[in-house]
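So the structure is just underneath, and the comments pick up after that.
All heavy atoms count here, side chains included; hydrogens, waters and symmetry mates do not. Quick caveat: nothing in here was measured; it's all calculated off a predicted structure.
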Amino acid sequence: MPDTLIILDFGSQFSQLIARRLREANIYCELYAFDAPATEVLAHDPQGYILSGGPNSVYDPGAPQVPAYVLESGRPVLGICYGMQALTHALGGRVASSSQREYGSAELETTAENPLLPPGQQTVWMSHGDRIEAPPPGFVPLAASGNSPVAAMGDLGAKRFGVQFHPEVRHTPGGLEILRRFAVEICGVAADWTADSVIEQAVERIRAQVGDQRVLSAVSGGVDSSVATALVQRAIGDQLVAVFVDHGLLRHNEARQVTAALQEGLGVELVVDDAAADFFGHLKGVTDPEEKRRIIGERFIRHFEQQALALGQPPFLVQGTIYPDVVESRAPERQHAQRIKTHHNVGGLPEDMQFELVEPLRYLFKDEVRRVGEALGLPPELVWRQPFPGPGLAVRCLGEVTPERIARLQAADAILTAELAAAGLLRLDDEGGGTSQAFVVLLPVKSVGVMGDGRTYQEVAAIRAVTTEDFMTADWARLPYDLLAKIANRIVNEVSGINRVVYDITSKPPATIEWE
């Protein structure tokens, strides 16, 4: 078991970012709800604990409190925002409402030498209403801001610290170094969480889980399922058979590309299930996005069950579930987070599913998945394929899903992809230019237009293009106007049934990346 830090989630929207930043520094960590069973958390033999922020006041009825085992462990603790206030409250300090709330950028001045914060001034991101009026016994103030006399505190002997700001967000430029100092220099965690170590540990877990049994892999050709398949193949070789369900909801020519990439690129045994008619039949008349996801998730599993029977009923099914899927679907370990949408490979599985899941990427962020894919030797066209939802174009085709509308969407999306690729904007560059994800959404809305000398009344296409590092938050891509004009012109002129194109300029949050 690697050296581990435990992050206890008190309901902050940034809890996953704490894990993301630590992983960037090659530090292994796991995220648990603050009230997770102590036995589950302590099974990791944590080197230290980070207490996340949260929306509560420590004096709210039923407000989350620091678990007793954290304080009894004698291990280092770092409280962030609400985590600092909860630590203060638990250890006998005084927390009070501030007369002036502090949100946004602030200047922090380190006031005492300490192993957590560098000397001098730095810009940090604040988001709090309460503040520390009196640190607990044994703690001393370490830093102050304009509205927080105790913006950081520490008991240097006990290695317990609190910061009122959020080091995990990009708006705190020195935040990653603060987290690294806590993990490595204060907790003594080895910074050895790399792609190679991920592969090594995953291979051991997969072999221990499946033994000598046959395993099915659910592949779509996307990054996640491809990397998961390659990882399982690394672990068990010819015990694995990949099953590609062609539901008719993939991008233009993608079914052919997927088949070629898996058979020739990965060299795995591949069964292709042409199931388009079945999926379209079950989706007929359905417009609710959650119902679409439920139907697609169920039909996926039913087709895999049929393939399993033909292959001798293997008991295991590989899925490319990644960490954002788990978080957004409000999986069991995230019961205090609001469910945003159901992912077909997490929350949409039928209760009577006949497989035990193998999910080697379940706790990896997207960038970690790509690094693992590269380390496994996967071809760039697979590793850098833009993310694609498990339900496919069904959740980008708003309203009823029909073969005609999907064909229309495929054609428009192919134009967008081709033009972005020609402009060198299909990937995110080191300066943050380009796109992390870009696609077309077909709207169930018709508008009046004029083509030639005639009136048209056709559907509207929306372009969605975002930049993001972690897919937990995202901003809309500032694509050149001339490029947008060219894309819109091609779609309207080349795709029958679309006469208007709009551009989505909403960030995540408040929107999600996908429209459904």
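- Checked by atom type, the side-chain pair N499/T456 shows a donor-acceptor distance below 3.5 Å.
- In this model, no donor atom of one side chain and acceptor atom of the other lie less than 3.5 Å apart for W193 and E24.
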Test ring pair (Phe, Tyr, Trp, His ring centres under 6.0 Å) applied to Y32 and H44, step by step
CA-CA 12 Å; Y32 283 90; H44 295 281; 5.7 Å; yes
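- For A375, the side chain to side chain contact (heavy atoms under 4.5 Å, CB included) partners are A195, D196, I199, not counting sequence neighbours.
- Residues meeting the ring-ring contact (aromatic ring centres under 6.0 Å, His included) test with H303, sequence neighbours left out: F279.
- For the residue pair E254 / Q410, no side-chain donor-acceptor distance below 3.5 Å is found, with atom types taken as modelled.
- Across all non-hydrogen atoms, the minimal contact from V318 to P360 is CG1-CD, 4.3 Å.
- For the pair Q437 (side chain) and P387 (backbone), a donor-acceptor distance under 3.5 Å is present.
- Annotation: D482, atom CG; neighbour count of heavy atoms from other residues, nucleotides and ligands within 6.0 Å does not exceed 12.
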Walk me through whether E356 and Q209 qualify under side chain to side chain donor-acceptor pair (under 3.5 Å).
CA-CA 10 Å; E356 179 180 337; Q209 181 183 3; 3.1 Å; yes
Can R396 and L442 be said to form a side chain to side chain contact (heavy atoms under 4.5 Å, CB included), step by step?
CA-CA 6 Å; R396 295 178 180 173; L442 188 64; over 6 Å; no
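- Side-chain polar atoms of T287 and E400 form no donor-acceptor pair below 3.5 angstrom.
- For the pairing with E459, the salt bridge (charged side-chain N to carboxylate O under 4.0 Å, His left out) check across R405, K446, R500 returns one residue only, R405.
- F316 does not carry R214 over the face of its six-membered ring by the limits of under 6.0 Å from the centre and within 45° of the normal.
- The minimum heavy-atom distance linking W476 with I505 is given by the pair CD1-O, 3.2 Å.
- For the side chain to side chain donor-acceptor pair (under 3.5 Å) condition, the pairs that include at least one residue of residues 228-249, sequence neighbours left out, are S217-T229.
- Between A228 and G320 the shortest heavy-atom distance is CB-CA, 4.0 Å.
- V401 and A394 make their closest contact through CG2-O, 3.9 Å (heavy atoms, listed as atom of the first residue, atom of the second, distance).
- Formation of a donor-acceptor pair under 3.5 Å by the R455 side chain with backbone atoms of V450 is not found in this model.
- The backbone N or O of T506 lies less than 3.5 Å from a partner atom in the side chain of R464, making a donor-acceptor pair.
- A cation-pi arrangement is absent between R23 and F365 under the rule of less than 6.0 angstrom and at most 45 degrees off the ring axis.
- For the pair R427 and W384, the cation-pi criterion (under 6.0 Å, within 45° of the ring axis) is fulfilled.
- Checked by atom type, the side-chain pair T321/D224 shows no donor-acceptor distance below 3.5 Å.
- Of the possible polar contacts, one joining the S197 side chain to the D192 backbone as a donor-acceptor pair under 3.5 Å is found.
- Taking the six-membered ring for Trp and the full ring otherwise, the centers of H171 and F165 sit at least 6.0 Å from each other.
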